[in-house]
Amino acid sequence: MLLDATFLGFMQLLVYAGAIMVLYLFVIMLINPRDDSLPEEGGFTEKTFAVGVALLVFSLLAFGISNSETVSTLAEAGTIPDLPEVAQTHGAIEAFGYELFHKHLLVFEVASILILVGIIGAVHIAMKNKPAPVELGANDEERLVNDV
Amino acid sequence: MMFSLPVLLYLSALLFSIGIYGVLARRNILVVLMSLELMLNAVNIALVGFGRVHALSTTSGEHSGQIFTLMVLAVAAAEAAIGLSLLLLIWRKWKTIDLRELCRLSG
């Protein structure tokens with residue numbers, strides 16, 4: 001395929017079209033904002049500033065790319081599917097998975113823990129009726145009732 | 001179709017700059033989160049391109065660039081989940097998705 005990243009391409013489709021986009025749509029459905037509850041966008045000054053910063057970053061990156069010796073050496077050697085010559089199965093699920101679970105197993109486990117923490121955190125943050133963090137004693141309850 | 005490395009890098013830089021513009025100029029939290037995803041994906045393109053070019057010259061394995069990209073994907077998914085749940089919480093409390101309203105958080 002184009003960049004010899006077949007499996008990664010499918011993962012990208014799966015994660016973005018299947019998970020993240022659905023998550024965004026679900027949140028938009030949940031908050032159901034009307035036109036008047038959308039924030040007022042910034043004026044001319046703010047937009048000019050943002051365009052300026054974006055252009056500055058782009059020109060710095062483009063300057064770096066066009067002046068890099070490494071990039072020009074690699075570009076002279078040829079286009080990406082021919083350079084360097086790798087096995088036909090490069091980027092396919094078997095070769096990718098073999099390397100992931102042999103050489104980079106620890107990183108994989110760390111990523112799974114990160115996602116687990118993310119799920120638990122997201123559920124906890126968005127929970128509607130949170131249980132009380134501590135058990136209240138009898139005196140505390142009396143005090144709470146008096147306060148109300 | 002063939003890609004040369006500079007084309008990929010310019011594409012990546014362009015996407016990254018668009019993401020920076022979105023983060024700086026917009027006030028809708030949803031759009032800012034989407035721009036963040038765009039910046040992460042710009043980095044992904046550069047990573048896959050460099051990983052492919054250096055596939056045989058690296059000691060950490062042929063696919064190390066793609067595996068790095070997979071980890072960025074995992075971070076992006078976690079970031080989207082946490083960011084959107086925070087957005088939901090802010091909406092329930094203040095009925096707004098305006099970034100400027102978040103200055104109330106300073107107490």
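Remember, predicted model here, so these are calculated numbers, not experimental data. Proteins get letters first, then strands, A, B, ... in listed order; numbering begins at 1 in each. Both backbone and side-chain heavy atoms feed into the values below; hydrogens, waters and symmetry mates do not.
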Residues 107-114 of chain A vs chain B, non-hydrogen distance cutoff under 4.5 Å, contacting residues -> Val107(A), Phe108(A), Ala111(A), Leu114(A)
What I want to check is whether the side chains of Asn28(B) and Glu41(A) have a donor and an acceptor closer together than 3.5 Å. no
Checked Phe68(B), Trp91(B), Phe16(B) vs chain A; the most non-hydrogen pairs under 4.5 Å come from Trp91(B)
Honestly, the part of Ser12(B) sitting under 4.5 Å from a heavy atom of chain A is neither
Under 4.5 Å to a heavy atom of chain B? For Ile125(A) that would be both
Note: vs chain A, highest number of non-hydrogen pairs under 4.5 angstrom among Thr96(B), Leu70(B), Val48(B) is Leu70(B)
Interface check, chain B: of Leu55(A), Val27(A), Leu56(A), Ile28(A), most non-hydrogen pairs under 4.5 Å belong to Val27(A)
Residues passing the salt bridge (charged side-chain N to carboxylate O under 4.0 Å, His left out) test with Arg92(B), sequence neighbours excluded, are none
Pair count under 4.5 Å, heavy atoms only, with chain A: among Glu101(B), Met71(B), Glu62(B), highest is Glu62(B)
The interface call for Lys103(A) against chain B, heavy-atom contacts under 4.5 Å, is side chain
Bottom line for Tyr24(A): the part with an atom under 4.5 Å from chain B's heavy atoms is both
Bottom line for Ser68(A): the part with an atom under 4.5 Å from chain B's heavy atoms is neither
Sorted by chain and residue number, the side chain to side chain contact (heavy atoms under 4.5 Å, CB included) partners of Phe44(A) (sequence neighbours excluded) come out as Thr48(A)
From the list Leu99(B), Leu88(B), Leu87(B), Leu84(B), the residue making the most non-hydrogen contacts under 4.5 Å with chain A is Leu84(B)
The interface call for His90(A) against chain B, heavy-atom contacts under 4.5 Å, is both
| message | Using only atom types and a distance under 3.5 Å, with no angle test, would you say the side chain of His54(B) pairs donor to acceptor with the backbone of Phe50(B)? | response | no
Hits for salt bridge (charged side-chain N to carboxylate O under 4.0 Å, His left out) against Glu46(A), two or more places apart or cross-chain, chain-then-number order -> Arg27(B)
With chain A, the option among Ala81(B), Ala78(B), Gly61(B) that has the most non-hydrogen atom pairs under 4.5 Å is Gly61(B)
Applying a strict 4.5 Å limit to non-hydrogen atoms, the region of Val7(B) in contact with chain A is neither
Bottom line for Ala62(A): the part with an atom under 4.5 Å from chain B's heavy atoms is both
_Go through it in stages, so that I can follow the logic: the residues are Leu47(B) and Gln66(B), the test is side chain to side chain contact (heavy atoms under 4.5 Å, CB included), and I'd like the CA-CA distance, side-chain angles, deciding distance and then a yes or no._
CA-CA 7 Å; Leu47(B) 273 175; Gln66(B) 292 182 27; over 6 Å; no
inquiry  = Are the side chains of Glu94(A) and Thr89(A) in contact, using a 4.5 Å heavy-atom criterion?
reply    = no
Bottom line for Tyr21(B): the part with an atom under 4.5 Å from chain A's heavy atoms is both
Of Ala13(B), Ser4(B), Ala80(B), the largest count of non-hydrogen pairs under 4.5 angstrom with chain A goes to Ala13(B)
Cut-off 4.5 Å, heavy atoms of chain B, and the answer for Leu74(A) is side chain
Honestly, the part of Leu8(B) sitting under 4.5 Å from a heavy atom of chain A is side chain
Under 4.5 Å to a heavy atom of chain A? For Leu9(B) that would be both
Taken to the nearest 0.5 Å, the spacing of Leu73(B) CG from Leu14(A) CG works out to 9.5 Å
